[in-house]
Every structure is written in C-alpha cells, then in structure tokens.
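Notes follow once the structure below has been shown.
Heavy-atom basis, side chains included; hydrogens, waters and symmetry copies ignored.
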Amino acid sequence: MTDTTTRPAIDTEPGDQIHGWFSLSYSNYLVLHRSLMQSMPADWQERMVGCLNELRDAYSHIEQPEGFKVEAAVSRDISELTEAEQAAHGVVEDWYRGETPPAGLSEADLNEWRAEHEDPDGPQYYRDGCEASGDEQVLIPVPDPVPHYQRGRTYIKPHLDTPAG
C-alpha cells in the first residue's frame with residue numbers, strides 16, 4: 001500500500017490547462033521572478049497571492065521540500081559544449097569508440113593513429129557514464145538578467161496591454 005502523505009496518487013482530473021500551458025516541455029516546475037511579480041499592478045498581485053494561497057492550502061497534506069536551488073541557465077546541445085563545460089557536466093566525448101592510442105607515440109605517430117581510428121560519423125558522447133546523444137540538452141548557468149527583488153524595492157515597469165476605450 002502506498003503512503004499518500006508522501007507520494008500522492010497521480011490523477012489526470014480535473015483538466016489539462018496547466019499541462020497545455022507547459023506545452024511539450026519536460027519542465028516539472030514553474031519558476032517565477034519575484035521582482036517581476038511585485039512589479040505587476042496591485043489587482044494582479046492580489047489575484048496571484050490568492051491563487052498561490054489556494055494551491056498551498058489544497059496540498060498542505062503533502063510533504064514538501066524545505067527549499068529549491070534555482071539558477072538562471074541557457075540550454076546547449078552536448079555537441080556544442082566546450083571542453084570545460086563538458087568536464088563540468090560529466091560529459092565525455094569519444095571520437096575513437098573506446099580505443100585509446102598506444103603509449104609513447106610521437107606527435108606525428110599520434111596524429112596518424114588519430115586519423116586512422118577517428119570515427120567518420122563523429123564522436124559518441126557519454127554523460128555521467130551513460131551514453132548520450134549529441135543533441136541532448138545541458139543547462140549552463142548564466143547570470144540572471146532580471147534584477148534582484150531588493151526587499152521589495154525593485155520595480156520593473158511591465159508592458160501591459162490595456163483595453164481600447
């Protein structure tokens with residue numbers, strides 16, 4: 001029997017609007033900038049806080065993590081990573097299908113060995129020891145372009161469409 005206080009039953013009811021909003025992505029979370037939300041008009045903030053409170057209350061019976069680590073990032077194909085990015089993300093690029101050159105080759109002999117053994121179809125990639133596709137996505141941390149909320153003082157003017165009147 002499953003303990004639903006820690007692992008809730010999965011159900012598809014009552015609708016799929018949120019699923020549709022996430023589109024075809026594999027995202028499991030929605031991250032919202034506090035600076036942007038606190039810059040929205042007061043009536044929007046009131047509705048948002050109401051929805052957030054309603055969501056919290058509806059799932060208060062389910063164990064939640066204490067916090068999350070969130071950082072701004074850009075998505076890159078594994079095949080586009082630099083050597084440093086590969087190393088930082090546990091990616092190994094193998095042009096020789098697991099073969100390694102014999103020890104002690106001169107530079108000329110090593111270049112000859114590489115030319116003979118390099119796979120013409122390109123490298124095979126491994127991430128954390130598992131085979132990976134060259135078009136698999138990796139998130140590379142970048143500075144956040146949105147200013148910090150600064151204890152509620154940051155204001156970023158929203159571009160709101162106003163109804164024609």
Same apolar cluster (I L V M F W Y, side chains within < 4.5 Å links), Val142/Leu81: yes
Separation between CD of Glu83 and CD of Glu93, rounded to the nearest 0.5 Å: 7.5 Å
Euclidean distance, Met48 CE relative to Asp43 CG, rounded to 0.5 Å: 13.5 Å
Reported CD-to-NE2 distance for the pair Gln17 and His19, which is rounded to 0.5 angstrom: 11.5 Å
Within residues 77-99 or reaching into it, pairs that qualify as ring-ring contact (aromatic ring centres under 6.0 Å, His included) - sequence neighbours excluded: Tyr96-Trp113
Check: Gly20 main-chain N/O paired with Asp16 side-chain donor or acceptor under 3.5 Å: no
Nearest-0.5 Å distance, CD of residue Glu136 to CD of residue Glu131: 10.5 Å
Tyr149 side chain near Met37 side chain, heavy-atom distance below 4.5 Å: no
Point-to-point distance, once rounded to the nearest 0.5 Å, from CD of Glu116 to CZ of Arg114: 13.0 Å
Ring pair (Phe, Tyr, Trp, His ring centres under 6.0 Å) against Tyr126, all qualifying residues, sequence neighbours excluded: none
Minimal non-hydrogen separation, Gln124 against Ala132, with atom names: NE2-O, 3.3 Å
Nearest non-hydrogen partners of Leu105 and Pro102, listed with the distance: CG-O, 3.4 Å
Within 6.0 angstrom of Leu30 CG, more than 12 heavy atoms from elsewhere: yes
Atom CZ of Phe22 with >12 non-hydrogen neighbours under 6.0 angstrom: yes
Shortest non-hydrogen contact between Arg97 and Pro123, atoms and distance: NH1-C, 3.4 Å
Step-by-step side-chain contact (heavy atoms from CB on, under 4.5 Å) determination, Leu160 to Met40: CA-CA 9 Å; Leu160 300 173; Met40 290 295 287; 3.7 Å; yes
With His148 via ring pair (Phe, Tyr, Trp, His ring centres under 6.0 Å) - residues at least two apart: none
Ile62-Leu55 co-clustered via ILVMFWY side chain contacts under 4.5 Å: yes
Residue pair Val138 / Glu85, side-chain heavy-atom distance below 4.5 Å: no
Residue pairs involving residues 140-149 (criterion salt bridge (charged side-chain N to carboxylate O under 4.0 Å, His left out); sequence neighbours excluded): none
Within one Ile-Leu-Val-Met-Phe-Trp-Tyr cluster: Leu32 and Ile18, side-chain cutoff 4.5 Å: yes
Side-chain atoms of residues 72-80: list all donor-acceptor pairs with protein atoms under 3.5 Å, sequence neighbours left out, distances to 0.1 Å.
residue	atom	partner	partner atom	Å
Ser75	OG	Gln137	OE1	2.3
Asp77	OD1	Gln137	NE2	2.2
Ser79	OG	Gly134	O	3.2

ring-ring contact (aromatic ring centres under 6.0 Å, His included) contacts in which one or both residues fall within residues 27-52, not counting sequence neighbours: Tyr29-Phe68
Gln45 CD to Leu52 CG distance, which is reported to the nearest 0.5 Å: 11.0 Å
CD (Gln150) with more than 12 external heavy atoms under 6.0 Å: yes
